Amino acid sequence: MKYKIRIFGLLALLLTAWSGFAQNLQDKLPVDPQVKMGKLPNGLTYYIRQNAKPENKVELRLVVNAGSILEDDDQQGLAHFTEHMAFNGSKNFKKNDLVSYLQSIGVKFGADLNAYTSFDETVYILPIPTDKKENIDKGFQVLEDWASNVLFDGEEIEKERGVVLEESRLGKGAQDRMRKQYFPKLFEGSKYADRLPIGKEDILKNFKHDVIKRFYKDWYRPDQMAVVVVGTLEPAEAERLIRQHFEKLKNPSKPRKRTVFPVPPRSKTEALVITDKENPNSILQMVGSPQPFTEAATLAEYRASIIKNMVQAMLSERLQELTQKADPPFVFGGSIQGGFIRNYESYQSFALLSKAGIEPAVNAIVMENERARRFGFTKGELERTKKNLLKQLERSYNERDKTESERYANEYIRNFLAQEPIPGIENEFNYYKQFSETITLEEVNKYTATNIPANQGKLVLLLAPEKPDYELPTNEKLLAMVEAASKMEVTPYEEKAVAASLMDEPPVAGRIGFQKENKEAGYYELTLGNGVKVILKPTDFKNDQVMLTGFRFGGQFNYDVKDRLNAENAATLVSQMGIGKFTPVDLQKTLAGKTATASPRFSTLTDGISGSSSAADVETMLQMVHLYFTQPRKDEELFKSFVNQQQAMMQNMMANPQMVFQDSLLRTVYRNHPRGPRIPSAADYGKINLDRALEIYKERFGNANGFTFVIIGAFTLDKIKPLIATYLASLPSD
């Protein structure tokens, strides 16, 4: 059980069709025909979907459209406390009976059985095995008891005070302390400013029992609830059980109005510098003025959301490029159109600060947003983004019969609470294929110019460690930095041309010397001419996924202690510098529209490499594996970028008492042994020698002899064997 501050992130990819829709853009979006939606006479909403993954399991949810925002002044924290009491005795389950029974049928408390409370809702999570009918019957009885039959036994309330207060105490870390300082400003003028779900300590300690019962009576009622049922249960049976358990519930004779609380727009730009001794990171945030927001309901709104997602993806790519500089302005950063509160969103930018400090991060974030707003994006950026979004959607479509029930359940919860569309993956994929080509660069750039706000109505936050040697600006100085950055000269984005393919020519294929089949385990073993072994296991767990791992004994312990830092970072450095003629950013651009990854690893006792791909992109994955063995890049600027980023991150991490404790524990347990595990210091990264690290990497990965590769997933033997001969059997071997 936990309280949760829900942060509504980016919209799920929302897509619509063009063909035949030009004159009907105001048509309502359809509802996925695979889900059965209904409403009981008492107002309770339900969602039912039969789904095969995982087998013999049904995901049950009770969704209550009530959270801490609805608490009266004397109830602050009791929405979350009510959630706790639901597990402490009900009409049909005494406190220990419920958890004991569920654990007896394989439902683990915390891992499976859970709940959360946020500003606007409370959600109860109950996965039930369906191998026995009595399990299903009791599962629905549990939902009914949570909805209407929680006992609120006085003795149990008193016992639970300590549990909730301890949860509050554990949550009172740096993030909680800082939130309490900036939430009143973030939600200024709104009730959200003083309704954190964890509540107030004095109320949790002293509230009268009838106060929490009043909250339950007011808000736990059928017209504010939904029941979600997804899994291996016949829809007709699921609907029968919903009616049996929930049709009899009644609303109060005089129900309280479920108010939607407004968040007013911010009239001026302000800055807050907030510090905490235990805050591990220095984070810059710029939050625009909140704007009312509703999920897409029509084809026209759906289409607009596609453009919104494209803009955010392209801007994220630009910000990622900045982190590749020798002196990056931040470790990572981003800009999104999202929200903290249901029904509202704002344009937000953030950056994890690097060694460069505060001002470079402010300048970079402000200028990149302004560059996009003023000059827009390029044709190449848009085309790559279209390909990537299509590929993401295609993979979801290909896996539609292997989608986990929990994912559908979460989607239906969002539909009930925020009206997020649920057209279904079949509709979305078909819409996008027909529609994406009609989105022009002109309308994308028009959207960008309109929706990226100028420097007005922002809340600029700097959340930093409180350290005597860490100089921080005042609120006024931070605001002056933002205003100065907004006046700096901005030029259009210049895009670097990249190659269209990873290899100009494939390598000369090697030889597959021997093949044998293990029928019992269902795999094939190939012995290649260069001494490499390959184990192949075609599977149908996923329709569009192939996974690879390669390994052999070796590793960092082949090298002297004096080379420890170079050996530990050798594989990571190569991943940071790229392969062939491609930096990591160039590689991402070249692979637009493909799903393929590969990365080397170098542990204490093994050399290794791992990868994954879609079924269509296995060759691309194997090309990347080949290049990691044969063409690692050396890039001084990216090396410096890596060192600077790691030093900044380690300085931030060691401001966290838990990290200091962990470091001390490791050093004590291993008695500071030179090969013992430890947390590297910021200074350690300044001692890495690039040439020596690259030399170590080439010594280990320049020779593939003795490697074993295991490849599993959605492939056929006849199609993958020629690719193995080309890219793995041709690896250098001695």
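Keep in mind that this is a model prediction, so the values were computed, not measured. Keep in mind that the numbers below use all heavy atoms, side chains included, and drop hydrogens, waters and symmetry copies.
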| request: Might you work through the salt bridge (charged side-chain N to carboxylate O under 4.0 Å, His left out) test for E201 and K205, ending with a clear yes or no? | output: CA-CA 6 Å; E201 188 170 313; K205 285 181 177 179; 3.2 Å; yes
| task | In sequence, state the C-alpha distance, the side-chain angles, and the governing distance for F152 and Y216, and then conclude on ring-ring contact (aromatic ring centres under 6.0 Å, His included). | result | CA-CA 10 Å; F152 294 101; Y216 186 74; 5.0 Å; yes
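Ionic pairing of R195 and D73 is present here: one or more N-O contacts between side-chain nitrogen and carboxylate oxygen are shorter than 4.0 angstrom. For D176 and K180, the salt-bridge test passes: some basic side-chain N is under 4.0 Å from an acidic carboxylate O. The pair R395-E399 does not meet the salt-bridge criterion, since no charged nitrogen lies less than 4.0 angstrom from a carboxylate oxygen. Note on R221 versus D223: salt bridge recorded, some NZ/NE/NH1/NH2 to OD/OE distance being below 4.0 Å. E345 has a carboxylate O that lies under 4.0 Å from a charged side-chain N of K308, or vice versa, which qualifies the two as a salt bridge. Salt bridge K248/E144: present, at least one basic N to carboxylate O contact under 4.0 Å. Under a 4.0 Å N-O distance rule, the pair R407/E411 does not qualify as a salt bridge. The pair R414-E295 does not count as a salt bridge, with every side-chain nitrogen at least 4.0 angstrom from each carboxylate oxygen.
Legend: residues meeting side chain to side chain donor-acceptor pair (under 3.5 Å) with S396, ordered by chain and number and at least two apart, are absent. Among residues two or more places apart in sequence or in another chain, the salt bridge (charged side-chain N to carboxylate O under 4.0 Å, His left out) test is passed with D145 by none.
Sorted by first and then second residue, the ring-ring contact (aromatic ring centres under 6.0 Å, His included) pairs involving residues 249-274 (not counting sequence neighbours) form an empty list.
T122 and E83 share no donor-acceptor pair across their side chains, judged by distance under 3.5 Å alone. With 3.5 Å as the limit, one finds a donor-acceptor pair spanning the side chains of D120 and Y192. Between R49 and Y412, the side chains place a donor N or O and an acceptor N or O closer than 3.5 Å (distance only, hydrogens not considered). For the residue pair Y47 and N415, a side-chain donor N or O sits within less than 3.5 Å of a side-chain acceptor on the partner.
Here the CG atom belonging to N369 is positioned 4.0 Å from the OG atom belonging to S349, to the nearest 0.5 angstrom. Here the CD1 atom belonging to I136 is positioned 8.5 Å from the CG atom belonging to D131, to the nearest 0.5 angstrom. Atom CG of N279 sits about 6.5 Å away from atom CG of N281, to the nearest 0.5 Å. The CG atom of L461 lies 8.5 Å from the CG atom of L284; values are rounded to the nearest 0.5 Å. Distance check: L70 CG to E121 CD gives 10.5 Å after rounding to the nearest 0.5 Å.
A cation-pi arrangement is present between R161 and F207 under the rule of less than 6.0 angstrom and at most 45 degrees off the ring axis.
By the neighbour-count criterion of 12 heavy atoms within 6.0 Å, atom CD of E158 is densely surrounded, having more than that number from other residues, nucleotides or ligands. Open room surrounds CZ on F541; 12 or fewer heavy atoms of other groups in view lie less than 6.0 Å from it. Taking a 6.0 Å sphere around NZ of K467, one finds it holds more than 12 heavy atoms contributed by other residues, nucleotides or ligands. Around atom CD of Q244, more than 12 heavy atoms belonging to other residues, nucleotides or ligands sit under 6.0 Å away.
Scanning all heavy atoms of the two residues, the minimum distance from P290 to V263 falls at CG-CG1, 3.7 Å.
The side-chain contact (heavy atoms from CB on, under 4.5 Å) test with V142 is passed by exactly one of I128, L126, N92: L126. Applying side-chain contact (heavy atoms from CB on, under 4.5 Å) to S190 and the options P264, P184, P262 leaves one that passes, P264.
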